[in-house]
Amino acid sequence: MQQVRKKSMDIFVHFKSVIVKIISDMGHAHIDFTRINTEPPRDKTHGDIATNAAMVLCKTLGMNPRELATQIADKLKDNTDVDDVNVAGPGFINIKVANAFWANRFAELVADKESFGRPKKHNKKLIVEFTSANPTGPIHIGHVRGTVFGDSLASLLEWSGHDVFREYYVNDAGSQVVTLARSAFLRYREYLGDDIGEIPKGYYPGDYLKPVGKDIAQIHGDKLKNMDEKEWLPVVKEIVMKSMMEMIKADLALLDVKFDNYFSERELHDDGAIEKTLADMRERGLIYEGVLPPPKGQLPDDYEEREQTLFRATDWGDDIDRPLVKSDGSYTYFAADIAYHRNKYLRGFNDQIDVLGADHGGYVKRLKAIVRAVSNDEAELDVKICQIVKLLKDGEVQTMSKRSGNFITLNELHAAVGKDPIRFMMLYRKNEAPIDFDYDKVTEKSRDNPVFYVQYAHARVYSIMRQAKEAFNGFDVATYDFTKSDLNLLQDESEINLMKHLLNWPKVAATAAEFHEPHRISFYLYDLAALFHSLWNKGKEKPQLRFIVDNNEDLTLARLAMVRSVAYIVKAGLDILGVDAPHEMR
RNA sequence: GCCCGCGUAGCUCAGUUGGAUAGAGCAUCGGAUUUCUACUCCGAGGGUCAGGGGUUCGAAUCCUCUCGCGGGCACCA
């Protein structure tokens, strides 16, 4: 038979195409192949690749699954990349791949280095909105998870060939900004020597506004002090907003997070975008005047039934229609949100992702409804909800009191723990699962700490290379071309296992990107590190498995190619997570 | 009351979107240990996948009901 020569980076994709070709050649070219899976079997003794092809297609082809499987298996045996094939269970086809195939495939990794398995450009325009913390104070622990998640998800999608835009939505329009300005004005008076007493209830009490008070005084002297609020408010607002955003950007820099754009909610109000959006929606019949049923559960004290302007969200998958105009005539936050998501659509983002905190779980449906409605189903929104982070210190949960403004800031957390542990631990859980963030454990340098464990794998590779340099008299990892290594010399089972795991990387990264789940990268890297460390440890008992083998330069160079490849993939993965890949541990 | 998420080993969690005998770390138990700079290492036991019913060749995964935990439930942002 004719072999499928086109090599795909992903071995599973590759073998799927081989199987599809076989079935097509059997005279079934025009059936649906999408349900065919090629994946590693749970049990390694079953081989390297398992496929459900026969079970999935037997109905359409009117055949017994085992019989079909046997026919496909017979053809597979002719493939030189295949060492052995068997049919098992209800009709699984298990493929054992020839060692030479692994070696050939591994040569691609060695040649491609960190970019191994990286898909080509998709030219899909994606926007990821995350953090979007209210600009009324510093970034604190509650924002950190969503920030790290959003940033890494964006990196992951970039790695996968998409055109990704990171955006922060600044809620600078509502009454909270007025409160912020008043709070800053108090600090201004305080700086000028007034006794301001206790910060009144409802104001922002944090010390971080003191420098803002000072700034105002330095710019305007005491001339604001005796003005009416009407006059000083816009002035103070301007200064305090600018100052808050600078503070937030500095905080985010601690995590190496940079946004492509900070999108101002106020501008949506000022430039008429909301009116325009609502006018468009009215024209399309998406808006009506009506009365909403009273909210279920505890009725708010000031509830009054009245007719209001509503968006037909129920037509787009939401549970209830949503109000757009408040009783005082101004727009709701939701109205601005519609204009905002419409704006994203008009900028060409048909794939949108919003990263939100657990307390916003109730908004998912309405946000999705918005995007569908304003784009007339051309654009799609995925909302990722990040669960809470429980901060543990000395084994006890740290509760933070909002009342006194006494929350743990990113700044404090960063000073105590550092960027890499923060980022890794935030990504070492599925986004919907809560995290216990143990202050003490996360700084620990032991196997118990996955950050260290993974970083150490990378550092260990460089350590080995430094030793190789001595053993080989000036051997230089930076310039040596490992594609010259003879990878067929790697025959030990533990070496083959490590190589297989490395070759799994493209599939892991692709799956993580497809489902917007960066945590898969962290878990993969942890497993990779475990395999690598374990192999290193074997060298203690069996010196013949050591990476650097005396008097056998060829074998050593083959092993060094493998070792070097561990660092390529760890580096690629850690880059996505935004965690440093150190050359040595300190 | 309604909506969303979660429920997997003693504990903390994965589980390749429906695949075969459900995995890892910690803890427990049993061994090894003057080391290719660093982290000790190797192995074992441990399960009604919250529970019932259903869909099909096949379910932790999909549907349905029940229980438990968390979050949310006009006009705030």
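In the text below, chain A, chain B and the rest are named by the order of the sequence lines, each starting its count at 1.
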Chemist: Among A74(B), A14(B), C39(B), which is the nearest nucleotide to the side chain of His519(A)?
Modeler: A14(B)
Chemist: Quote, to the nearest angstrom, the C1' distance that separates U61(B) from G5(B).
Modeler: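 The same atom, C1', in both gives a distance of 16 Å.
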Chemist: Using the P atom on both, measure G23(B) against U64(B) and round to a whole Å.
Modeler: 29 Å
Chemist: Regarding Ile464(A), tell me which of base, sugar-phosphate or nothing describes its non-hydrogen contacts under 4.0 Å with the strands shown.
Modeler: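 Result for Ile464(A) = nothing.
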Chemist: Under 4.0 Å between any heavy atoms, over every strand shown, what does Pro450(A) touch: base, sugar-phosphate, or nothing? Just pick one.
Modeler: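 Nothing: the residue Pro450(A), judged by heavy atoms under 4.0 Å, touches no strand.
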Chemist: Between C39(B), C57(B), U16(B), which nucleotide gets closest to the side-chain atoms of Pro90(A)?
Modeler: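 Of the options given, the side chain of Pro90(A) lies nearest C57(B).
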Chemist: Between Asp337(A) and Tyr363(A), is there a side-chain donor-acceptor contact under 3.5 Å, judged purely by atom types and distance?
Modeler: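 There is no such pair (donor and acceptor under 3.5 Å, judged by atom type) between the side chains of Tyr363(A) and Asp337(A).
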Chemist: Could you go over nucleotides 40-43 of chain B and give all protein N or O partners under 3.5 Å, atom names and distances?
Modeler:
residue, atom, partner, partner atom, Å
C42(B), OP1, Ser534(A), OG, 3.4

Chemist: Parallel under 30°, tilted from 30 to 60°, perpendicular over 60°: which one fits the rings of Trp505(A) and Tyr524(A)?
Modeler: tilted
Chemist: Mind checking who C73(B) pairs with, Watson-Crick or G-U wobble, both distances under 3.5 Å?
Modeler: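 Across all strands, the one nucleotide that pairs with C73(B) is G1(B).
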Chemist: For G18(B) and C6(B), measure between their P atoms and round to the nearest Å.
Modeler: 15 Å
Chemist: Which value, in whole Å, describes the distance between the P atoms of nucleotides C29(B) and C67(B)?
Modeler: 41 Å
Chemist: Any strand is fair game: report the nucleotide pairing with U40(B) by Watson-Crick or G-U wobble, both distances under 3.5 Å, or none.
Modeler: A32(B)
Chemist: For His533(A) and Arg460(A), test the side chains for any donor-to-acceptor distance below 3.5 angstrom and give the result as yes or no.
Modeler: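 Looking only at side-chain atoms, Arg460(A) and His533(A) do form a donor-acceptor pair, the distance falling under 3.5 Å.
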Chemist: With no hydrogens and no angle check, is any side-chain donor or acceptor of Gln455(A) less than 3.5 Å from a backbone partner on Phe452(A)?
Modeler: no
Chemist: Just call it for Thr332(A): base, sugar-phosphate, or nothing, with non-hydrogen atoms closer than 4.0 Å on any strand.
Modeler: sugar-phosphate
Chemist: Looking across every strand, which nucleic acid part, if any, lies under 4.0 Å from Glu517(A) by heavy atom: base, sugar-phosphate, or nothing?
Modeler: base
Chemist: Whole-Å distance between G5(B) C1' and Ile388(A) CD1?
Modeler: 12 Å
Chemist: Quick one: on RNA chain B, does Met585(A) or Ser175(A) contact a more 5' nucleotide (nearest heavy atom)?
Modeler: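 Comparing both residues, the 5'-ward one is Met585(A).
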Chemist: May I ask you to test the Val566(A)-Arg564(A) pair for a side-chain heavy-atom distance under 4.5 Å?
Modeler: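 Heavy-atom side-chain distance check fails, nothing below 4.5 Å.
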Chemist: Taking the six-membered ring for Trp, are His583(A) and Tyr462(A) parallel (under 30°), tilted (30 to 60°) or perpendicular (over 60°)?
Modeler: parallel
Chemist: Look at the side-chain N and O atoms of Lys365(A) and state whether any lies under 4.0 Å from the OP1 or OP2 oxygen of C3(B).
Modeler: no
Chemist: Contact class for Glu265(A) vs. all strands (heavy atom < 4.0 Å): base, sugar-phosphate, or nothing?
Modeler: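 Touches sugar-phosphate only.
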Chemist: May I ask which nucleotide in the shown strands pairs with A50(B), Watson-Crick or G-U wobble, both distances under 3.5 Å?
Modeler: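 With both distances under 3.5 Å, A50(B) matches U66(B).
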Chemist: At 4.0 Å (heavy atoms only), tell me whether Tyr333(A) reaches a base, stays on the sugar-phosphate, or touches nothing.
Modeler: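 Here Tyr333(A) touches the bases of the nucleic acid.
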Chemist: Going by atom types only, do His516(A) and Asp382(A) share a side-chain donor-acceptor pair under 3.5 Å?
Modeler: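 Checked: His516(A)/Asp382(A) side chains pair up, N/O donor to acceptor below 3.5 Å.
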Chemist: Answer with base, sugar-phosphate or nothing: what part of the nucleic acid does Lys538(A) contact at a heavy-atom distance below 4.0 Å?
Modeler: nothing
Chemist: Are the ring of Phe92(A) and the six-membered base ring of A20(B) within the stacking cut-offs of under 5.5 Å and under 30°?
Modeler: yes
Chemist: Arg322(A) near the nucleic acid: base, sugar-phosphate alone, or nothing, with a heavy-atom cut-off under 4.0 Å?
Modeler: nothing
Chemist: Distance between the P atoms of G70(B) and G30(B), in whole angstroms?
Modeler: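 Pairwise P distance, G70(B) against G30(B), rounds to 39 Å.
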Chemist: Using the C1' atom as the point on both nucleotides, what is the distance between A22(B) and G15(B), in whole Å?
Modeler: 8 Å
Chemist: In the strands shown, is U21(B) matched to any nucleotide by a Watson-Crick or G-U wobble pair with both distances under 3.5 Å, and which?
Modeler: none
Chemist: Please enumerate all residues that pass salt bridge (charged side-chain N to carboxylate O under 4.0 Å, His left out) together with Arg520(A), with sequence neighbours excluded.
Modeler: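 Arg520(A) satisfies salt bridge (charged side-chain N to carboxylate O under 4.0 Å, His left out) with Glu517(A) once adjacent residues are dropped.
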Chemist: Going by number, which of residues 50-65 of chain A have a non-hydrogen atom under 4.0 Å from RNA chain B?
Modeler: Ala50(A), Asn52(A), Met55(A), Lys59(A)
Chemist: Looking only at side-chain atoms of Asp359(A), point me to the closest of C13(B), A38(B), G72(B).
Modeler: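 Among the listed nucleotides, the one closest to the side chain of Asp359(A) is G72(B).
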Chemist: Output the single nucleotide from U17(B), A74(B), A14(B) whose closest atom is nearest the side chain of Arg429(A).
Modeler: A14(B)
Chemist: Ion pair present between Lys390(A) and Asp436(A), side-chain N to carboxylate O less than 4.0 angstrom?
Modeler: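 A salt bridge is present here (some side-chain N lies under 4.0 Å from a carboxylate O).
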Chemist: Nearest to the side chain of Asn171(A) - A74(B), A77(B), A20(B)?
Modeler: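 Of the candidates, A77(B) comes closest.
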Chemist: Choosing from A38(B), U12(B), G25(B), which nucleotide comes nearest the side chain of Tyr526(A)?
Modeler: G25(B)
Chemist: Taking any heavy-atom pair under 4.0 Å as a contact, classify Ala88(A): base, sugar-phosphate, or nothing.
Modeler: base
Chemist: Using a heavy-atom cut-off of under 4.0 Å over every strand shown, decide if Gly361(A) touches base, sugar-phosphate, or nothing.
Modeler: nothing
Chemist: Measuring from the side chain of Phe523(A) (C-beta onward, heavy atoms only), which nucleotide among A74(B), A14(B), A77(B) has the closest atom?
Modeler: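 Among the listed nucleotides, the one closest to the side chain of Phe523(A) is A14(B).
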Chemist: For the residue pair Thr136(A) and Gln176(A), confirm or rule out a side-chain donor-acceptor distance under 3.5 Å.
Modeler: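 Not at all, the side chains of Thr136(A) and Gln176(A) share no donor-acceptor pair under 3.5 Å.
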Chemist: With sugar-phosphate meaning primed atoms plus P, OP1 and OP2, does Phe515(A) contact a base, only sugar-phosphate, or nothing at under 4.0 Å between heavy atoms?
Modeler: base
Chemist: Say you pick atom C1' in C63(B) and the same atom in G1(B); how far apart are they, in whole Å?
Modeler: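 Between the two C1' atoms, the distance is 24 Å.
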Chemist: Say whether Thr147(A) and Thr131(A), considering side chains only, have a donor N or O and an acceptor N or O under 3.5 Å apart.
Modeler: yes
Chemist: How many whole angstroms separate atom NZ of Lys384(A) from atom P of C6(B)?
Modeler: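 The distance from NZ of Lys384(A) to P of C6(B) comes to 11 Å, rounded to the nearest Å.
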Chemist: Can you tell me, in whole Å, how much space there is between the C1' of U16(B) and that of U35(B)?
Modeler: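 About 37 Å, rounded to a whole number of Å.
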Chemist: Please tell me which of the listed nucleotides, C13(B), A74(B), A38(B), lies nearest to the side chain of Gln308(A)?
Modeler: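 Selected nucleotide (nearest to the side chain): A74(B).
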Chemist: How about Tyr340(A) and Glu267(A): does a side-chain donor come under 3.5 Å of a side-chain acceptor?
Modeler: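 Glu267(A) and Tyr340(A) do not have a side-chain donor-acceptor pair below 3.5 Å.
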Chemist: Using atom NE2 of His501(A) as one end and atom C1' of A14(B) as the other, report the distance to the nearest whole Å.
Modeler: 12 Å
Chemist: Does any donor-acceptor pair link the side chain of Tyr363(A) with the base of C76(B) at a separation under 3.5 Å?
Modeler: yes
Chemist: For U17(B), is chi within 90° of 0 (syn) or not (anti)?
Modeler: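 Base orientation relative to the sugar is syn.
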Chemist: Looking at Phe437(A), Phe523(A), Phe149(A), which hits ring-ring contact (aromatic ring centres under 6.0 Å, His included) with Tyr428(A)?
Modeler: Phe523(A)
Chemist: With nearest nucleotide decided by heavy atoms, which residue, Arg546(A) or Asn431(A), maps closer to the 5′ end of RNA chain B?
Modeler: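 First, find each residue's nearest nucleotide; the 5'-ward one identifies Asn431(A).
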Chemist: Quickly work out the Lys390(A) NZ to C6(B) C1' distance and round it to whole Å.
Modeler: 13 Å
Chemist: For A77(B), take OP1 and OP2 only and decide whether either is under 4.0 Å from a side-chain N or O of Lys326(A).
Modeler: yes
Chemist: Verify the stacking flag for His360(A) against G72(B): centroid separation must be under 5.5 angstrom and the ring planes must differ by under 30 degrees.
Modeler: no
Chemist: Looking at the side chain of Lys507(A), which of A20(B), U16(B), U12(B) is the nearest nucleotide?
Modeler: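 My answer, after comparing the listed nucleotides, is U16(B).
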Chemist: Does Lys430(A) make a side-chain N or O approach to OP1 or OP2 of G5(B) shorter than 4.0 Å?
Modeler: no
Chemist: Can Lys384(A) and Asp354(A) be counted as an ion pair, charged N to O under 4.0 angstrom?
Modeler: no
